[in-house]
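Written below as structure tokens is the structure these notes are about.
Computed over heavy atoms, backbone and side chain alike; hydrogens, waters and symmetry mates excluded.
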Amino acid sequence: MVGEGVDGVDPETPNVARMYDYYLGGKDNFAADREAATRIMKIMPHAAEWVRSNRGFLARAVRLLAESGIRQFIDIGTGLPTQDSVHQVAGRIDPESRVVYVDVDPVVVSHGRALLATDERSTVIRADLRRPDDILSHPETRALIDFDRPVGVLLVAVLQFVPDDREAADIVARLRAALAPGSHLVISHITADEVAPDVVGEGREIYATTSLGSITPRSPARVAAFFEGLELLEPGLVGVEHWRAEEPPSGDRIPLGFLGAVARR
């Protein structure tokens, strides 16, 4: 990334992947990441809970796809490795499942490659979400993914880092066009409909200091537009904590943080 050292690590600039790791209780983060994440949690007390709910959504969505017969996955914007990663969830259903992880962050790619060094059915590539053709045509993608068969494409908490609506829609459309019938698209996205505008503004200012430089919440209608032309699976586009949850969230209702849905082509 621009501004990072030769090792791909800039400990002085908050990194969105490492901040996400901190929200999840991980240890792959630096003081700058913890400081930025703490500032977010100060103005948005439910931020860590939102992130944990989003991670649970990812696991449930992958499990559903695997149980439906999907055996190949592309996880774009994967972030730092954590428990219940895609290959682990899918592998419990079928150990032959294949996964391509994609991230633009060199640290994420380095971590992932080290962990998957002996896994012939999973890989991590460095590519930019904003250049979907590079992801689709990458030699390692082509080595593992057969685009004549159904694929599960995951865009979990990543489109919010593409500020332009048209560019984000074009990215999703290009990915959809490459998928065979029976493929599935999984999207989660941050929303701010239940957060005060001044808090949203302060949160965006904090994220403006990070490695990706911006974050763009979107309304339910704008997120739903990404699924145009696809068949939304029940229960449709909802808060991620409610999407096919094994049991309803406990305690008082909290403001909506992430929207999520799964759709079939």
Side-chain angles (χ1 to χ4, degrees), residues 1-59 74-89 99-117 122-130 135 154-163 188-190 192 199-200 202-217 240 257-258 260:
M1 284 191 176
V2 175
E4 294 188 334
V6 294
D7 296 326
V9 179
D10 177 8
E12 303 302 322
T13 299
N15 175 288
V16 295
R18 297 193 304 254
M19 288 171 66
Y20 199 90
D21 174 73
Y22 181 68
Y23 293 136
L24 289 172
K27 298 180 180 179
D28 291 318
N29 47 73
F30 294 114
D33 312 311
R34 295 189 289 273
E35 180 182 352
T38 298
R39 291 174 64 196
I40 289 292
M41 291 187 289
K42 183 176 180 179
I43 62 171
M44 300 180 187
H46 302 292
E49 189 171 351
W50 289 339
V51 168
R52 289 193 296 269
S53 293
N54 187 60
R55 193 69 193 178
F57 163 76
L58 168 66
I74 304 176
D75 181 10
I76 303 174
T78 181
L80 287 163
T82 185
Q83 290 185 339
D84 276 348
S85 292
V86 176
H87 71 286
Q88 294 170 321
V89 177
V99 181
V100 174
Y101 292 104
V102 183
D103 209 289
V104 72
D105 189 322
V107 179
V108 169
V109 175
S110 178
H111 266 268
R113 284 189 174 276
L115 287 175
L116 298 173
S122 299
T123 192
V124 187
I125 66 171
R126 188 180 181 191
D128 194 328
L129 166 69
R130 293 168 296 183
I135 297 171
L154 314 173
L155 294 166
V156 175
V158 65
L159 287 169
Q160 60 225 32
F161 296 109
V162 181
S188 72
H189 199 296
I190 196 168
V199 174
V200 174
E202 188 173 350
R204 295 188 70 177
E205 288 178 4
I206 294 169
Y207 268 94
T209 70
T210 70
S211 55
L212 292 184
S214 68
I215 192 167
T216 302
V240 291
F258 281 92

Going through the checks in order, is the side-chain contact (heavy atoms from CB on, under 4.5 Å) test met by Thr123 and Arg113? CA-CA 7 Å; Thr123 192; Arg113 284 189 174 276; 4.1 Å; yes
What closest approach, in Å, do [X] and [Y] show between heavy atoms, and which atom pair accounts for it?
{"X": "Pro14", "Y": "Asp33", "answer": "CA-OD1, 3.4 Å"}
{"X": "Ala47", "Y": "Ile40", "answer": "CB-CG2, 3.9 Å"}
{"X": "Ala59", "Y": "Val89", "answer": "O-CG1, 3.6 Å"}
{"X": "Pro217", "Y": "Val200", "answer": "CG-CG1, 4.2 Å"}

Test salt bridge (Lys or Arg N to Asp or Glu O under 4.0 Å) applied to Asp75 - qualifying residues, sequence neighbours left out: none
Evaluate whether atom CD of Glu35 has more than 12 neighbouring non-hydrogen atoms of other residues, nucleotides or ligands under 6.0 angstrom away. no
Evaluate the ring planes of His87 and Tyr101, with Trp represented by its six-membered ring, and classify them as parallel (under 30°), tilted (30 to 60°) or perpendicular (over 60°). perpendicular
Rounded to the nearest 0.5 Å, what's the gap from CE on Met19 to CG on Leu80? Could you check? 12.5 Å
Interatomic spacing from CD1 in Ile76 to CD1 in Ile125 - rounded to 0.5 Å: 8.0 Å
Taking the side chain as C-beta and beyond, is there a heavy-atom pair between [X] and [Y] under 4.5 Å?
{"X": "Leu155", "Y": "Leu129", "result": "yes"}
{"X": "Arg126", "Y": "Asp105", "result": "no"}
{"X": "Val86", "Y": "Leu58", "result": "yes"}
{"X": "Val51", "Y": "Leu24", "result": "yes"}
{"X": "Arg204", "Y": "Thr216", "result": "yes"}
{"X": "Ile206", "Y": "Ile43", "result": "yes"}

Residue pairs, two or more places apart or on separate chains, that pass ring-ring contact (aromatic ring centres under 6.0 Å, His included) and touch residues 10-50: none
